[in-house]
Amino acid sequence: MPDSPRYFLVNKRDEEKAKESLKWLAKINGSDFDIDTVILNDVELTAEKTQAPEPTFLEAMKDFMKYKELLVQLGIQMWLWLVAGFLYYGFSFSWSELGNNIYISYVFAAVGEIIAYLGMGFPFRYLGRRISIMIYYLVASGTFLVALIPLQLSSSFSLEQLSCLIGSMFVAATFCGIYLYTMELAPTSHRGKMLGYSSFAARIGSFCGPQASLLFSWNKPGTLILFAVLAASAGLLCYRLPDTKDVPTPSTAAEVQRRKDEKDGRVQATVVENKYAAELP
């Protein structure tokens, strides 16, 4: 498979390669559109011609220091991924501690995960990425607290097991959804690095998650409170990030910072200050 047309335009500045990629996409979609007649251009790059076509590793690292918004978004994304990995594998290895029958527990967990994957697309489409992930994390946090209530619903099913099952469904939907959110949030020039660092954080959480089965056997209420606090922190931090629904993907780190400045009003203020400064004698 070829790289995306946007990749060739942003990182390689190669219009011919971008057209070849578009031709391949048109072919697999059964389209007879004449790509050769199309003029490709990324208007976001017109003011940044002095920037290298594809930043080296050191240049990309400097961008994280130079553009604070890019660094903030990376840090929050890494925490979201770490918490998702910890909670997901924490439950995957702990169902034997949350029910009377390990086989029934894992069957319900598998069905719940299927439902989570099938249903996660609707909130993402209509509510946006940020709000959806916030809801997933905060609802999961609430269900973990409800699980602390000692209530037996039937001879083989308790409120604790039901609440944890619902919470694990929202965690599974979050773990799946943050892939899309991070790819849309990261600028094209730094997308691979942001995904790599986020995945690295998720591996740390995934490594620590199975140890939760030991925590459940040692102190189940304390473990559920820990899960609730982690999920709530991720949900609240997600509010700091911008939404990506119906928003063009940023091309460079500078564009990420510019969008944040425009949202905060700093860009407009600078323009006004420069205007009055130019009128001074």
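Taking each heavy atom of Pro123 and Gly119 in turn, the nearest pair found is CD-O, 3.2 Å. In this structure, Ser163 and Val146 approach most closely via the heavy-atom pair OG-CG1, 3.4 Å. In plain terms, the two heavy atoms of Ala147 and Cys164 that are nearest each other are CB-SG, 4.0 Å. The two atoms that bring Leu87 and Ala231 nearest to each other are CD1-CB, 4.0 Å, heavy atoms only. Among all heavy-atom pairs drawn from Met134 and Cys238, the shortest one is CG-CB, 3.6 Å.
Among residue pairs with one or both ends in residues 16-30, those qualifying as side-chain hydrogen bond (donor to acceptor under 3.5 Å, both in side chains) are Lys23-Asp36; sequence neighbours excluded. Counting only residues at least two apart or in different chains, salt bridge (Lys or Arg N to Asp or Glu O under 4.0 Å) contacts with residues 106-121 are absent. Counting only residues at least two apart or on different chains, no side-chain hydrogen bond (donor to acceptor under 3.5 Å, both in side chains) pair has a member in residues 131-146. Residue pairs meeting the side-chain hydrogen bond (donor to acceptor under 3.5 Å, both in side chains) criterion with at least one partner in residues 225-245, sequence neighbours excluded, are Glu69-Arg240, Trp79-Ser233, Glu184-Thr244.
Considering only residues two or more places apart in sequence or on other chains, Tyr197 meets the ring pair (Phe, Tyr, Trp, His ring centres under 6.0 Å) condition with none of them. Residues satisfying the side-chain contact (heavy atoms from CB on, under 4.5 Å) criterion with Pro221, sequence neighbours excluded, are Leu148, Asn219. For Arg125, there are no salt bridge (charged side-chain N to carboxylate O under 4.0 Å, His left out) partners, not counting sequence neighbours. Evaluation of the side-chain hydrogen bond (donor to acceptor under 3.5 Å, both in side chains) rule for Thr182 yields Gln77, Trp81 as partners, not counting sequence neighbours. For Ser199, the side-chain hydrogen bond (donor to acceptor under 3.5 Å, both in side chains) partners are Arg203, not counting sequence neighbours.
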Met194/Met183 under side-chain contact (heavy atoms from CB on, under 4.5 Å): CA gap, chis, key distance, verdict:
CA-CA 8 Å; Met194 291 189 71; Met183 286 190 291; over 6 Å; no
Start with the C-alpha distance between Thr252 and Thr188, add both sets of side-chain angles, then the distance that settles side-chain contact (heavy atoms from CB on, under 4.5 Å), and finish with yes or no.
CA-CA 6 Å; Thr252 62; Thr188 307; over 6 Å; no
Audit row: Tyr67, Val256, side-chain contact (heavy atoms from CB on, under 4.5 Å) steps and yes/no
CA-CA 8 Å; Tyr67 303 105; Val256 172; over 6 Å; no
Could you go through the side-chain contact (heavy atoms from CB on, under 4.5 Å) check for Leu145 and Leu224 one step at a time?
CA-CA 7 Å; Leu145 295 178; Leu224 290 173; over 6 Å; no
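In this structure, the side chains of Leu74 and Met78 come closer than 4.5 Å at one or more pairs of heavy atoms. Between Val72 and Leu241 there is no side-chain heavy-atom pair separated by less than 4.5 Å. With a 4.5 Å cut-off on side-chain heavy atoms, Glu255 and Arg259 count as touching.
Under a 4.5 Å side-chain heavy-atom criterion applied to ILVMFWY residues, the cluster that includes Phe207 comprises that residue alone. When hydrophobic side chains of Ile, Leu, Val, Met, Phe, Trp and Tyr are connected at separations under 4.5 Å, Tyr126 ends up clustered with Phe122.
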Show the atom names and distances, to 0.1 Å, of all donor-acceptor pairs under 3.5 Å that link a side chain in residues 174-181 to residues at least two apart or in another chain.
from   : atom 1 : to     : atom 2 : distance (Å)
Thr174 : OG1    : Phe170 : O      : 2.8
Tyr181 : OH     : Pro242 : O      : 2.5

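Placement of Leu165 and Leu118 in two distinct hydrophobic clusters is found when ILVMFWY residues are connected by side-chain heavy-atom separations under 4.5 Å, directly or transitively.
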